[in-house]
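Here the structure comes first, spelled out in structure tokens, and everything after it is commentary.
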Amino acid sequence: EALDNHVSNQLRHERALKRSPSREPILLEELNGGEPAFAQSLTAAEDVAWARAIILVAAERMELECRGGGRADIWGIFHGRALGPLLAGQEALPYETLAEQLGLPSVQAGRLLLNTGKHMFRRVVRGVIAEYARDEQQVEDELADLKAILVGE
């Protein structure tokens with residue numbers, strides 16, 4: 001919980017600075033003698049770090065919720081099919097393999113659990129963002145930013 005609080009506080013601070021309309025931006029040209037060549041890569045790197053932090057906190061919370069609620073099957077399918085590939089660039093594990101590992105009655109049961117896991121993860125991510133967002137519009141904006149970063153827009 002202390003790590004969650006630290007990450008949430010750090011994210012809240014960083015995102016507030018990034019979106020704060022009352023601050024005057026420092027132009028990168030001023031810092032770099034008129035050569036802002038690193039500006040986009042630095043921003044992209046910061047965005048990816050932010051997105052990864054949100055995903056990691058949400059994943060940890062979802063895993064705790066699943067295991068605490070006796071739903072390790074949801075976590076197993078979600079991790080094997082969605083989270084592992086997203087975070088580690090792994091191939092998604094075949095439904096057949098996961099169904100066998102998790103003792104599921106069928107591949108179709110695995111597909112249904114993945115759908116449940118995706119809905120659950122969206123809810124948890126929204127909750128993580130809502131902890132530092134000023135209002136519902138900022139939550140929606142942050143979710144849109146997160147999606148854009150994850151799909152590489």
Looking only at heavy atoms, what is the nearest atom pair of Val124 and Ala58, with distance?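 What the structure gives for the nearest pair is CG1-O, 3.4 Å.
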Do Leu86 and Ile55 have side chains that approach each other closer than 4.5 Å (heavy atoms only, starting at C-beta)?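 Yes, close enough: below the 4.5 Å cut-off.
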Is there a side-chain contact between Leu56 and Leu87, using heavy atoms and a 4.5 Å cut-off?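 In short, these two side chains touch, coming nearer than 4.5 Å.
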Nearest-0.5 Å distance that lies between atom [atom1] in [X] and atom [atom2] in [Y]:
{"X": "Ile77", "Y": "Asn115", "atom1": "CD1", "atom2": "CG", "result": "12.0 Å"}
{"X": "Glu136", "Y": "Asp141", "atom1": "CD", "atom2": "CG", "result": "10.0 Å"}
{"X": "Leu113", "Y": "Met120", "atom1": "CG", "atom2": "CE", "result": "11.0 Å"}
{"X": "Thr116", "Y": "Asp73", "atom1": "OG1", "atom2": "CG", "result": "9.0 Å"}
{"X": "Gln137", "Y": "Glu142", "atom1": "CD", "atom2": "CD", "result": "11.0 Å"}

Are Met62 and Ile74 close enough, and set up right, to give a side-chain contact (heavy atoms from CB on, under 4.5 Å), and what steps lead you there? CA-CA 10 Å; Met62 180 177 167; Ile74 294 173; 4.1 Å; yes
Which residues pass the salt bridge (charged side-chain N to carboxylate O under 4.0 Å, His left out) test with [X], not counting sequence neighbours?
{"X": "Glu65", "result": "Arg123"}
{"X": "Arg52", "result": "none"}
{"X": "Glu140", "result": "Arg126"}

For residues 58-85, pull every pair meeting ring-ring contact (aromatic ring centres under 6.0 Å, His included), keeping only residues two or more places apart or in separate chains.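 Output for this query lists Trp75-His79, Phe78-Phe121.
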Any chance you could lay out the side-chain contact (heavy atoms from CB on, under 4.5 Å) test for Asp145 and Asp47, step after step, and finish with the verdict? CA-CA 9 Å; Asp145 288 349; Asp47 284 348; over 6 Å; no
Between Arg67 and Glu60, does a salt bridge (Lys or Arg N to Asp or Glu O under 4.0 Å) hold up when you go through it step by step? CA-CA 11 Å; Arg67 294 191 188 282; Glu60 181 180 297; over 6 Å; no
Using side-chain contact (heavy atoms from CB on, under 4.5 Å) as the criterion, list what pairs up with Ala130, not counting sequence neighbours.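 Listed in chain order: Val139.
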What pairs of donor and acceptor atoms, side-chain ones from residues 90-112 against any protein atom, are under 3.5 angstrom apart with sequence neighbours left out?
{"residue": "Ser106", "atom": "OG", "partner": "Gln108", "partner atom": "N", "Å": "3.4"}
{"residue": "Ser106", "atom": "OG", "partner": "Ala109", "partner atom": "N", "Å": "3.0"}

